[in-house]
Enquirer: 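Pasting in a structure now, in structure tokens, and then I'll have a few things to ask.
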Amino acid sequence: MARLSKLSRSIAGKAALVTGAASGMGRATAHLFADEGARVAVTDQHADGVETVVKEIQAAGGEAVGYALDVREPGRIEAVVAEVTEALGGLDILVNNAGVSVGLPVDNPDYEKAWAFTFEVNLTAQVRMVRACLPYLRVSTDGGRIVNIASTEGLGATAGGSPYTASKHGVIGLTRSLAVELGRHNVTVNCVCPGPIHTGMTQIIPEDAKNKFARRRVPIRRYGDPEEVAHGTLSLVLPASSYINGAVLVVDGGMTAQNT
């Protein structure tokens with residue numbers, strides 16, 4: 001019997017670039033995309049981690065290339081995007097995953113330094129990546145896809161973390177603005193807001209504190225895994241997701257939906 005649906009839920013053959021892909025959610029995203037048949041460019045400032053992830057993907061039968069990339073370096077961004085598009089024959093998907101978390105109270109002497117560093121990585125680098133990738137995304141066969149990784153901190157706030165919180169609010173604003181601007185070019189821009197996830201950023205939190213927080217604040221009563229966020233990202237880059245634009249997808253186990 002013939003299928004009644006017309007839109008594809010496959011990214012097989014698509015070319016995707018993921019930043020911050022040497023660990024955590026970026027690594028999970030690179031693995032998942034490759035498992036789904038995409039050709040993946042793994043980028044991160046940690047060259048050893050990039051090499052490891054590329055080898056993992058290739059060993060599993062996937063296609064991946066890797067590049068050391070510090071997203072604070074505009075010239076390096078341009079060079080890496082050029083190399084990626086040559087190696088992969090174009091670009092269909094950009095996932096802006098690279099990020100940092102610096103928590104300082106506003107009266108700390110080093111606050112402005114932390115603010116500048118956090119915004120450079122979490123927000124300015126995202127728009128630089130978009131600008132570098134845009135010429136290729138505009139000519140993608142099924143339409144270009146951009147997913148910016150924000151955070152539930154972009155929807156609320158935690159005391160002592162205003163540089164991170166403000167930068168993630170900025171990611172949501174950037175996403176919505178670019179969605180409006182780039183939709184006419186058949187490029188969709190969406191963002192994912194992960195909640196409490198087991199990543200390098202949360203590694204320093206003791207397990208008992210994580211469990212206590214999850215039982216009290218998260219309806220699912222646990223921290224999430226990076227792959228659970230990656231699947232949310234995947235859902236936004238499918239050819240079938242062509243009418244999802246400017247969306248903010250929260251992946252937090254219901255944390256922000258709960259009043260207390």
Side-chain angles (χ1 to χ4, degrees), residues 18-27 29 43-50 67-80 95-132 147-178 191-214 216-218 223-224 226 229 248 250-252 255-256:
V18 184
T19 66
S23 62
M25 293 180 292
R27 173 178 174 270
T29 301
T43 72
D44 196 286
Q45 66 175 332
H46 301 293
D48 290 346
V50 168
Y67 301 89
L69 173 62
D70 185 335
V71 293
R72 294 175 298 172
E73 301 176 3
R76 182 61 182 158
I77 288 174
E78 296 286 345
V80 166
V95 179
N96 269 319
N97 172 80
V100 295
S101 177
V102 180
L104 282 180
V106 71
D107 57 354
N108 187 286
D110 293 324
Y111 181 84
E112 289 200 14
K113 185 185 299 183
W115 176 278
F117 171 66
T118 302
F119 267 74
E120 186 173 24
V121 176
N122 289 1
L123 187 57
T124 303
Q126 289 201 2
V127 80
R128 284 174 175 161
M129 289 299 304
V130 170
R131 283 167 54 83
V147 178
N148 299 323
I149 305 302
S151 166
T152 49
E153 281 294 307
L155 303 169
T158 300
S162 55
Y164 182 78
T165 299
S167 71
K168 293 303 185 179
H169 275 73
V171 170
I172 294 174
L174 174 67
T175 297
R176 288 172 167 160
S177 181
L178 293 183
C191 79
V192 174
C193 290
I197 308 295
H198 289 294
T199 67
M201 285 187 185
T202 61
Q203 230 173 10
I204 61 172
I205 304 172
E207 285 302 314
D208 59 338
K210 289 180 184 177
N211 292 334
K212 182 178 179 181
F213 175 89
R216 182 171 58 89
R217 293 287 309 277
V218 183
Y223 265 52
V229 179
V248 179
V250 179
V251 184
D252 69 350
M255 184 182 74
T256 53

Enquirer: Roughly how far, to the nearest 0.5 Å, is CZ of R131 from CG of L178?
Expert: 10.5 Å
Enquirer: Considering non-hydrogen atoms only, spot the tightest contact between C191 and V147 and give its length.
Expert: CA-CG1, 4.5 Å
Enquirer: Please give me the minimum heavy-atom distance between A150 and I172, naming the atom from each residue.
Expert: CB-CG1, 4.1 Å
Enquirer: According to ring pair (Phe, Tyr, Trp, His ring centres under 6.0 Å), who are the partners of H169, at least two apart in sequence or on a separate chain?
Expert: none
Enquirer: With sequence neighbours excluded, what pairs up with R72 under the side-chain hydrogen bond (donor to acceptor under 3.5 Å, both in side chains) test?
Expert: D70
Enquirer: Heavy atoms only: give me the nearest A114-V102 pair and the separation to one decimal.
Expert: CB-CG1, 3.6 Å
Enquirer: Donor-acceptor check, side chain of T19 to backbone of T43, threshold 3.5 angstrom: yes or no?
Expert: no
Enquirer: Output every pair passing side-chain hydrogen bond (donor to acceptor under 3.5 Å, both in side chains) with a member in residues 97-121, not counting sequence neighbours, ordered by first then second residue.
Expert: Y111-S162
Enquirer: Rounded to the nearest 0.5 Å, what separates atom OH in Y223 from atom CD1 in I197?
Expert: 9.0 Å
Enquirer: Hey, could you give me each pair passing salt bridge (charged side-chain N to carboxylate O under 4.0 Å, His left out) that has a residue in residues 192-214? Not counting sequence neighbours.
Expert: E207-K210
Enquirer: N96: what forms a side-chain hydrogen bond (donor to acceptor under 3.5 Å, both in side chains) with it, not counting sequence neighbours?
Expert: N148
Enquirer: Side chains of D252 and V218, heavy atoms from C-beta outward: is any pair under 4.5 Å?
Expert: no
Enquirer: If the condition is ring pair (Phe, Tyr, Trp, His ring centres under 6.0 Å), which residues does Y67 pass it with, not counting sequence neighbours?
Expert: none
Enquirer: Can you list everything that forms a side-chain contact (heavy atoms from CB on, under 4.5 Å) with A209? Sequence neighbours excluded, please.
Expert: I205, P206
Enquirer: Quick one: side-chain hydrogen bond (donor to acceptor under 3.5 Å, both in side chains) partners of N122, sequence neighbours excluded?
Expert: S167
Enquirer: Look up atom CZ in R216 and atom CE in M255, then write down how far apart they are to the nearest 0.5 Å.
Expert: 10.5 Å
Enquirer: Look up atom SG in C193 and atom CG in L155, then write down how far apart they are to the nearest 0.5 Å.
Expert: 4.5 Å
Enquirer: Using side-chain contact (heavy atoms from CB on, under 4.5 Å) as the criterion, list what pairs up with A22, not counting sequence neighbours.
Expert: D44
Enquirer: In chain order, what residues pass the side-chain contact (heavy atoms from CB on, under 4.5 Å) check against L123, with sequence neighbours excluded?
Expert: F119, V171, L174
Enquirer: Return the minimal non-hydrogen interatomic distance between I149 and Q126, and the atom names on each side.
Expert: O-NE2, 3.4 Å
Enquirer: Applying side-chain hydrogen bond (donor to acceptor under 3.5 Å, both in side chains), name anything that partners T158, two or more places apart in sequence or on another chain.
Expert: E153
Enquirer: What closest approach, in Å, do V18 and G26 show between heavy atoms, and which atom pair accounts for it?
Expert: CG1-O, 3.8 Å
Enquirer: Which distance, rounded to the nearest 0.5 Å, do you find between the CD of E73 and the CD of Q45?
Expert: 9.0 Å
Enquirer: Could you tell me whether the side chain of R176 and the main chain of V248 form a donor-acceptor pair under 3.5 Å?
Expert: no
